[in-house]
Amino acid sequence: MAEAKIGLYVTVPLYMLFIVCTGLYTYLKNRSQMQTSMQGEEALSQHYLGGRSFGPFVTMMTLFASLFSGYTVIGIPAEAASDGFTALSWILLIQYVVMAQLVVMPRLRRLSEVRHYQGPGDFLSDRFRSQVLRYLVVILLMLVPSWMYLTAQINALTSVFNRLLFQLPDDSPWGTLIIATIILVYEWLGGLGAVALADSLAGSVMLLGSLCLLVITCWRFGGLSGLDAQTYPKPQFYQVPELDTQASLWGFAVSGLGFAALPHIMQRVYAAKHTHSLKLAWSVMACGSWIVQATGVVFGIVSVDWITPAEWAQPFGPMLELVMDTNWANYLVGLLLFTATLAAIMSTADSLLLAISHTLAVDFLLPLYPRASAARLSLLGKISSLISMVIAVGLSFLMSDKALSYLAQVQFGISLQALPPFVIGLYVKRRLDPWLLAAGALLGLALLFILEYGYNNHAASQVPAGLIALVSNVAFVAVCSVVPGVSIPAGRWDAIHTTRFGEGELTGELLASLVAGTVEPVSFSWYLPTCVLLSLLALPMVAGGSPPIDSEGRLAYAPTLWLGCPDWVWNLIVATLAITLINVRMAWSWKSNACAVQPSTDQAQLSANAPPQHSATASCASSLAQLEVQLSPLSNARGAASYTAGGAGDGWALNDAALAAAPNPLKREDRVGGLAGDFDRHLCRPVEDQALNLSRLDNVKDCRRIGARSAVMDVNVRHSPTVDSLCTKSADHRVSIDRSLARSTVRGSREHP
């Protein structure tokens with residue numbers, strides 16, 4: 001290990017230097033934008049959501065690195081060395097994580113754009129307008145699990161830094177304090193932008209290192225095929241699991257649904273620039289588990305045959321030393337994986353820390369200081385990050401490993417109880433009593449603790465406490481909502497009065513109009529039932545203990561193996577792989593209709609120089625003849641040409657075959673101009689009659705053709721208005737206008753035919 005130390009003294013400081021530099025880079029980048037008149041929510045969005053500008057690679061890697069923590073690198077091999085092939089249930093859990101995101105996130109993402117959501121509690125505030133429900137879910141069901149998760153990551157940092165990397169005393173605090181300080185520094189400097197760049201490196205290193213380790217495990221140690229089931233030190237690995245173990249494995253996998261309610265996952269969904277970035281990220285998450293987690297399982301099972309029984313509890317370090325002793329190439333792979341372990345833990349820790357700070361800022365600081373300056377909100381956010389880190393570090397030092405394991409038992413179960421308010425709010429048109437939802441969550445929480453600590457810790461067989469609590473939660477809300485007269489009266493103090501999300505509440509009808517025409521994964525009625533059925537078929541569904549173990553501690557007969565795996569393991573592999581492929585297919589089936597916009601209360605008429613409107617009874621999806629776009633006068637453009645919009649005249653050609661049927665048209669006037677920063681305005685609107693008038697537009701520095709990658713909209717700007725930046729975001733079909741240079745008015749009108 002001495003040679004490994006020499007390499008780590010180089011790679012670990014280099015990684016620390018890299019993430020600090022990313023913090024400085026993002027700080028300087030944000031500073032130039034914050035020097036404008038950015039205030040309040042815009043400042044929060046810039047720091048905590050990266051300006052909602054993450055591209056495909058950054059979105060993919062930051063979600064990947066946030067999901068696959070250091071436990072993937074260290075913990076899964078240890079679990080595989082202890083329990084065997086059942087550790088593959090981690091891959092099934094990740095598929096449930098992706099399933100939950102495909103159910104919740106497409107619709108939540110759409111609402112975050114239109115209703116300007118900043119944090120995870122904004123949807124609950126907008127949909128249910130209840131202080132009790134919002135703070136119950138945000139504090140008890142989202143922040144508390146995140147703090148538990150963060151504390152576990154800090155504890156893992158201590159273990160990895162002290163024991164695995166540099167052989168320091170177990171109670172030495174210096175490594176943890178140094179790393180915690182570094183995390184705080186670059187989170188303070190760059191916010192989510194810096195964290196996402198660090199995640200990109202950590203995720204890339206983890207993927208590359210896992211692939212290399214899988215190849216080395218099969219080549220250097222023979223892989224699973226090189227093991228002899230008759231002489232293997234732990235023959236029970238090849239036995240069919242007992243029925244109670246099978247039930248626990250399935251309940252564990254289903255608990256992955258709770259990941260959709262974790263703030264750091266929602267934060268990254270809001271921060272993505274385009275929908276196709278999220279599609280790619282979810283696909284990589286679903287498929288990446290087969291690389292990083294499957295490698296850990298194979299590595300752990302093989303290690304039992306190569307290291308001493310005293311090292312079975314933590315096989316990653318001793319086994320990796322054997323890898324590094326072979327040649328210089330394997331030494332570099334081992335060095336990469338040791339560094340990736342630290343990077344993965346830090347990546348999850350900084351993501352959780354930033355998400356906690358973000359949630360506190362949006363749900364506590366912003367309501368208290370709605371008109372605060374960017375500098376003040378930034379300072380308050382940094383203070384909340386510092387307090388969160390101090391609490392997590394303090395708990396990790398004060399609590400024993402056993403106490404932390406008790407917390408880990410209920411962590412995902414608590415997150416599961418936050419899921420019903422989101423799913424019900426998103427998909428049930430009727431507005432349910434928010435206090436019933438809060439009561440259901442409290443009931444589920446109580447059952448979770450009773451079953452986990454009162455039964456599972458004392459019984460020989462385990463029950464899926466989190467799943468039972470979730471079912472009880474949903475059943476309580478469902479029964480109470482259909483029984484006439486069942487409601488919980490709330491006082492006026494419970495109501496949330498805000499116009500931050502737009503005029504009026506987010507009713508079921510408004511929500512439906514905002515997502516009209518969107519193709520969502522849940523639109524396919526077979527999707528969820530098929531995946532749940534496949535997850536059940538992944539279990540052997542037969543009595544365990546076959547083949548039996550004789551008096552000499554060996555299998556009574558040789559099991560049927562293929563590529564080193566018994567048939568019941570292949571059952572698990574094939575079913576989980578089928579769910580993976582379905583998840584990928586569903587991710588790419590999502591098509592967002594960004595042209596469905598929320599109705600405006602502004603009933604002003606079009607300006608006098610607006611072009612005459614023409615009526616059409618067909619929907620926006622029918623033809624271009626509905627739209628008339630006129631730009632005049634136009635001058636000082638570098639390029640000169642014209643497009644014909646449905647034969648209606650010169651200007652822009654808009655073609656969107658994916659637009660949904662129009663909602664009831666309303667008169668509308670939207671004014672944009674004279675403000676600093678970026679303002680997103682939907683160019684296309686699903687109405688039956690529409691005219692856009694851009695007048696007195698001149699002096700454009702640049703005009704360029706922008707083609708939408710999704711082929712839904714093609715906008716060709718041939719002449720230039722007084723706006724330096726006029727561009728189409730392909731996946732979102734929006735026009736972004738740089739308001740620091742804009743001095744024009746964009747007017748759109750919708751009239752009853």
Donor-acceptor under 3.5 Å ([X] side chain, [Y] main chain):
X: Ser146; Y: Met142; result: yes
X: Arg109; Y: Ala272; result: yes
X: Arg129; Y: Thr498; result: yes
X: Thr348; Y: Ile345; result: no
X: Gln462; Y: Asn456; result: yes
X: Gln267; Y: Tyr48; result: yes
X: Ser385; Y: Ser357; result: no
X: His358; Y: Gln118; result: yes
X: Ser66; Y: Thr62; result: yes
X: Arg115; Y: Phe501; result: yes

### Query
Parallel, tilted or perpendicular: which describes the rings of Trp526 and Phe524, with under 30° parallel and over 60° perpendicular?
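Aromatic pair Trp526/Phe524 classed perpendicular.
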Please identify each residue that fulfils side chain to side chain donor-acceptor pair (under 3.5 Å) with [X], with sequence neighbours left out.
X: Trp590; answer: none
X: Asp244; answer: none
X: Tyr117; answer: Asp126
X: Thr359; answer: none

### Query
Which residues pass the ring-ring contact (aromatic ring centres under 6.0 Å, His included) test with Phe476, sequence neighbours left out?
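Expected list: none.
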### Task
Mind checking ring-ring contact (aromatic ring centres under 6.0 Å, His included) for Phe259 and listing every partner two or more places apart, or none if nothing turns up?
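Once residues adjacent in sequence are excluded, the partners of Phe259 under the ring-ring contact (aromatic ring centres under 6.0 Å, His included) criterion are Phe412.
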Under 3.5 Å, which donor-acceptor pairs link side chains of residues 91-108 to any protein atom two or more places apart or in another chain?
unit_1 : atom_1 : unit_2 : atom_2 : d
Gln95  : OE1    : Thr580 : OG1    : 3.3
Gln95  : OE1    : Asn583 : ND2    : 3.3
Gln95  : NE2    : Ile91  : O      : 3.4
Gln95  : NE2    : Ala286 : O      : 3.1
Gln95  : NE2    : Ser289 : OG     : 3.3
Gln95  : NE2    : Thr580 : OG1    : 3.3
Tyr96  : OH     : Ser535 : OG     : 2.7
Gln101 : OE1    : Trp282 : NE1    : 2.8
Arg107 : NE     : Glu520 : OE2    : 3.0
Arg107 : NH1    : Leu426 : O      : 2.8
Arg107 : NH2    : Glu520 : OE1    : 2.7

### Query
Hey, do the aromatic rings of Trp435 and Phe128 have their centres closer than 6.0 Å?
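When the ring centroids of Trp435 and Phe128 are compared, they turn out to be at least 6.0 Å apart.
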### Query
Quick check, are the ring centers of Phe364 and Tyr135 under 6.0 angstrom apart?
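Here the rings of Tyr135 and Phe364 have centres that are less than 6.0 Å from each other.
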How many angstroms lie between [atom1] in [X] and [atom2] in [Y], if you round to the nearest 0.5 Å?
X: Leu63; Y: Thr59; atom1: CG; atom2: OG1; result: 7.0 Å
X: Leu416; Y: Ile468; atom1: CG; atom2: CD1; result: 12.0 Å
X: Ile582; Y: Leu534; atom1: CD1; atom2: CG; result: 5.0 Å
X: Leu257; Y: Leu470; atom1: CG; atom2: CG; result: 7.5 Å
X: Leu111; Y: Leu510; atom1: CG; atom2: CG; result: 8.5 Å

Selection [range] - residue pairs positive for salt bridge (charged side-chain N to carboxylate O under 4.0 Å, His left out), sequence neighbours left out:
range: residues 467-485; answer: none
range: residues 258-270; answer: Asp199-Arg268
range: residues 421-442; answer: none

### Message
Please find the pair of heavy atoms, one from Gly425 and one from Phe123, that lie closest to each other, and give the distance.
### Response
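Gly425 and Phe123 have their closest heavy atoms at C-CZ, 3.5 Å.
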### With sequence neighbours excluded, residues passing salt bridge (Lys or Arg N to Asp or Glu O under 4.0 Å) with Arg500
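Applying salt bridge (Lys or Arg N to Asp or Glu O under 4.0 Å) to Arg500 gives Glu41, Asp122.
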### Query
Can Glu79 and Tyr71 be said to form a side-chain hydrogen bond (donor to acceptor under 3.5 Å, both in side chains), step by step?
CA-CA 10 Å; Glu79 188 172 324; Tyr71 187 87; 2.8 Å; yes
### Query
Under the side chain to side chain donor-acceptor pair (under 3.5 Å) rule, what pairs show up with a residue in residues 413-422, not counting sequence neighbours?
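Residue pairs passing side chain to side chain donor-acceptor pair (under 3.5 Å), neighbours aside: Gln417-Asn473.
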